[in-house]
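Quick notes on the structure that follows.
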Number of protein chains: 2
Amino acid sequence: MKQKPTLKVIAKELDVSVSTVSKALRDSKEIGEETKKKVKAFAKLYNYRPNNIALSLKNKKTKTLGVIIPEIVHHFFTTVISGIEHYANDKGYNVIVGLSNESFKKEVINLEMLANGSIDGFIISVAKETLSFKDFHHFSETIDQGIPIVMFDRVIDDIECDKVIVDDVKTSEKAVQKLIDGGCKNIGIISTKDYVNVGRLRTEGYKNTLNANHIKIQNSRILKIDDKFNSDDNLEFLEEQIYTYFEENEVDGLFTVNELYAITAMKVARQKGLTIPDDLQVIGFTDGVLSRHAFPSLTTISQHGFEMGEESAKLLIDRLENPNEEEELFKTIVVKTDIIDRETTKLRNPKK
Amino acid sequence: MKQKPTLKVIAKELDVSVSTVSKALRDSKEIGEETKKKVKAFAKLYNYRPNNIALSLKNKKTKTLGVIIPEIVHHFFTTVISGIEHYANDKGYNVIVGLSNESFKKEVINLEMLANGSIDGFIISVAKETLSFKDFHHFSETIDQGIPIVMFDRVIDDIECDKVIVDDVKTSEKAVQKLIDGGCKNIGIISTKDYVNVGRLRTEGYKNTLNANHIKIQNSRILKIDDKFNSDDNLEFLEEQIYTYFEENEVDGLFTVNELYAITAMKVARQKGLTIPDDLQVIGFTDGVLSRHAFPSLTTISQHGFEMGEESAKLLIDRLENPNEEEELFKTIVVKTDIIDRETTKLRNPKK
DNA sequence: TTGAAAGCGCTAACAG
DNA sequence: CTGTTAGCGCTTTCAA
């Protein structure tokens with residue numbers, strides 16, 4: 001077992017001082033060519049690499065970002081992580097991932113664990129439980145300690161920090177309008193409880209569009225799914241709620257707040273004998289693997305998670321590397337969305 | 001902005017020495033009750049938390065694990081990460097994630113970036129490119145430096161380290177046998193090129209079972225998908241290869257090495273007018289979201305990724321915390337698999 | 001051109 | 001019971 005060499009051993013080996021070695025390796029002009037060459041050769045031979053931890057301690061920065069997300073077995077979040085990694089690695093940063101599992105407590109623990117010097121800044125999408133508790137002290141305290149936070153997707157209006165979002169309202173308006181234009185008369189929405197900001201905003205877009213088209217809003221057509229926190233058997237629970245919804249509503253167009261709700265609704269609808277898209281057209285927010293491979297394939301809204309990740313990392317790293325500049329001027333970046341047209345909105349016999 | 005307090009400032013504030021503070025906080029019996037109380041109160045008030053980096057430097061361990069995987073937008077890998085996080089957090093470890101994107105070079109860079117003190121050990125699933133190059137020097141060098149590695153799923157026989165795998169051969173045998181028992185006469189397999197060990201082993205299982213059942217192996221029925229590395233438009237390329245396969249083969253049972261191949265094959269088969277499962281039964285290795293929500297839902301083999309993650313983390317942490325014990329006795333843990341019965345193997349009119 | 005010394009934040013052996 | 005000192009690996013004045 002070959003121990004990693006340190007400056008100290010190189011110095012001793014070459015019979016020079018530690019600081020000489022350090023300077024030689026950083027090509028300081030204080031050091032003579034001869035010595036430089038000698039030191040560098042030796043370092044290469046023994047494959048010297050400076051110890052990151054020592055550097056971190058010295059420089060008071062770790063060159064690593066902490067990413068805290070609710071879940072990782074989730075297409076959207078993984079694309080975001082990819083984007084973060086991509087940008088961060090490019091800039092020489094590492095990323096530590098922490099999972100909150102939608103739990104407030106785990107979110108706090110993760111934050112505290114990493115805020116003790118392990119990372120330079122956070123990229124966070126807030127846990128549902130935190131949103132419902134409305135307890136955000138851990139975020140403000142972290143920021144207060146001088147550790148910057150970037151929030152994406154599930155953000156908190158009251159916390160002053162950089163944010164990366166999509167225009168949930170406008171995007172939903174586009175989607176619902178598309179259903180109307182496709183000939184749907186009775187359009188429903190499957191959303192989340194209102195404390196999840198994206199759910200609330202998407203529902204708002206839905207209502208706006210109905211209003212704009214002079215269609216009366218029927219509250220029974222707005223289903224707000226009640227998620228259990230930290231529970232794995234949400235799926236059946238979800239199906240039940242949607243089943244009941246279809247019992248009580250006759251819709252020919254459905255907008256959902258994520259692809260899972262859409263896919264599940266399609267399954268339930270099929271059980272009830274509806275044909276998609278002829279009897280029921282569907283659009284889901286958030287493009288993932290499910291949508292592309294579903295049958296029929298699902299029309300969705302792409303949030304461009306990879307880009308959101310890149311933008312988040314960029315915001316954070318910019319702030320870390322230019323601490324004085326633009327202080328207190330927090331940015332909110334709105335990433336554009338696209339409707340990805342697939343089969344669930346492709347009528348074989350267009351009504352118009 | 002409240003700066004994080006250090007031992008030093010607490011010491012100065014309370015007019016005692018740094019080591020007194022340090023000891024008081026760790027409840028050393030060397031320190032008088034009075035002082036302890038005073039120090040602790042002060043520390044709580046100012047929300048003192050020891051600096052992780054300083055501790056890491058001192059202790060020569062970081063309490064963080066480096067996980068390097070080919071891809072993160074991938075159900076199996078994310079379940080594994082969940083499992084790793086779960087076990088690691090429980091033991092007070094953090095997790096840094098690095099992505100190789102199936103690229104040899106990125107894998108090496110990631111390894112080197114983290115091996116300079118940032119992490120205590122690695123959990124790795126090897127990139128396809130690395131497997132095809134057969135260049136494993138980065139792994140052996142890392143191990144040589146005293147940094148333990150645990151490999152999972154895509155492991156390398158020649159590297160001596162702890163491993164977590166499933167019994168690919170036996171499991172595939174079970175799956176193919178199930179197809180035979182279900183009445184399939186012409187069974188094909190869609191696998192990967194042989195340098196991907198799991199692909200090779202699963203193909204081996206396929207062949208074994210045909211042999212055991214005295215069915216002649218037809219090479220044309222063995223499709224070995226040619227993945228492009230680092231390419232996002234693999235999907236079309238995949239469809240093409242499968243399309244050609246179906247042109248040249250008439251199969252009524254199909255075993256695939258992952259769920260994407262299965263789903264894609266189902267799509268192509270449908271285009272060719274085949275009904276599933278009546279004309280074609282399908283089983284895919286690796287259970288993910290796609291399988292559950294596909295139509296018809298796909299019978300798969302669950303590798304229990306979460307468990308694999310937990311086991312990997314356990315192996316690694318055990319080795320880190322008991323460095324002398326059981327030295328050089330590397331373990332290979334075989335995680336059990338299950339066939340998850342769904343619709344693609346459920347004949348409406350069983351042939352037998 | 002090189003080296004000694006201090007310091008990043010913390011712990012621990014040793015002295016007082 | 002408390003403080004001094006040294007050291008983890010590195011950089012960076014400042015002095016030689």
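All values below come from the heavy atoms of this structure, side chains included, with hydrogens, waters and symmetry mates left out. Each chain gets a letter, A, B and so on, in the order the sequences are listed, and its residues count up from 1.
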Closest approach of Lys163(A) to Asp157(A) (non-hydrogen atoms, all atoms of both residues):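 In terms of heavy atoms, the two residues are closest at NZ-O, 3.5 Å.
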
Heavy-atom pair with the smallest gap, counting every atom of Ile147(B) and Gly121(B):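 Where Ile147(B) meets Gly121(B) most closely, the heavy atoms are CG2-CA, 3.8 Å.
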
Summary of protein contacts for nucleotides 6-16 of chain D, nucleotide by nucleotide, where a base hit scores B, a sugar-phosphate-only hit scores S (4.0 Å, heavy atoms): -BBBBBBB---

dG3(D) phosphate, OP1 or OP2, under 4.0 Å from Ser17(B) side-chain N/O: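 Yes, such a contact exists.
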
Presence of Thr35(B) side-chain N/O under 4.0 Å of dT2(D) phosphate oxygens OP1/OP2: yes

Counterpart residues, ring-ring contact (aromatic ring centres under 6.0 Å, His included), relative to Phe136(A) (two or more places apart):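 Counting only residues at least two positions away or on another chain, Phe136(A) forms no ring-ring contact (aromatic ring centres under 6.0 Å, His included).
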
Nucleic acid contacts - residues 37-47 of chain B versus DNA chain D, non-hydrogen atoms under 4.0 Å: none

Distance-only donor-acceptor check, side chains Ser100(B) and Ser103(B), under 3.5 Å: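 Ser100(B) vs Ser103(B): no donor-acceptor pair found between side chains.
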
Short side-chain donor-acceptor distance under 3.5 Å, His138(B) and Glu112(B): no

Salt bridge present between Lys134(B) and Asp158(B) (N-O < 4.0 angstrom):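 Salt bridge: no.
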
Nearest whole angstrom, please: distance from the [atom2] of [N] to the [atom1] of [X].
| X | N | atom1 | atom2 | value |
| --- | --- | --- | --- | --- |
| Asp15(A) | dT2(C) | CG | P | 13 Å |
| Lys61(B) | dC10(C) | NZ | P | 18 Å |
| Leu14(B) | dT2(D) | CG | C1' | 14 Å |
| Lys63(B) | dC10(C) | NZ | P | 18 Å |
| Ile31(B) | dG3(D) | CD1 | P | 8 Å |

Side-chain ([X]) to main-chain ([Y]) donor-acceptor, under 3.5 angstrom:
| X | Y | value |
| --- | --- | --- |
| Asn89(A) | Lys91(A) | no |
| Ser28(A) | Ala24(A) | no |
| Thr79(B) | Phe306(B) | no |

Terminal helix-axis angle for the helix from dT1(C)-dA16(D) to dG16(C)-dC1(D), with five pairs defining each axis and rounding to 10 degrees: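 One end's axis against the other's: 60°.
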
Distance-only donor-acceptor pairs under 3.5 Å for side chains of residues 309-317 of chain B, two or more places apart:
| from | atom 1 | to | atom 2 | distance (Å) |
| --- | --- | --- | --- | --- |
| Glu310(B) | OE2 | His86(B) | ND1 | 3.1 |
| Ser312(B) | OG | Met308(B) | O | 2.7 |
| Lys314(B) | NZ | Asp318(B) | OD2 | 3.1 |

With Lys23(B) via salt bridge (charged side-chain N to carboxylate O under 4.0 Å, His left out) - residues at least two apart: Glu30(B)

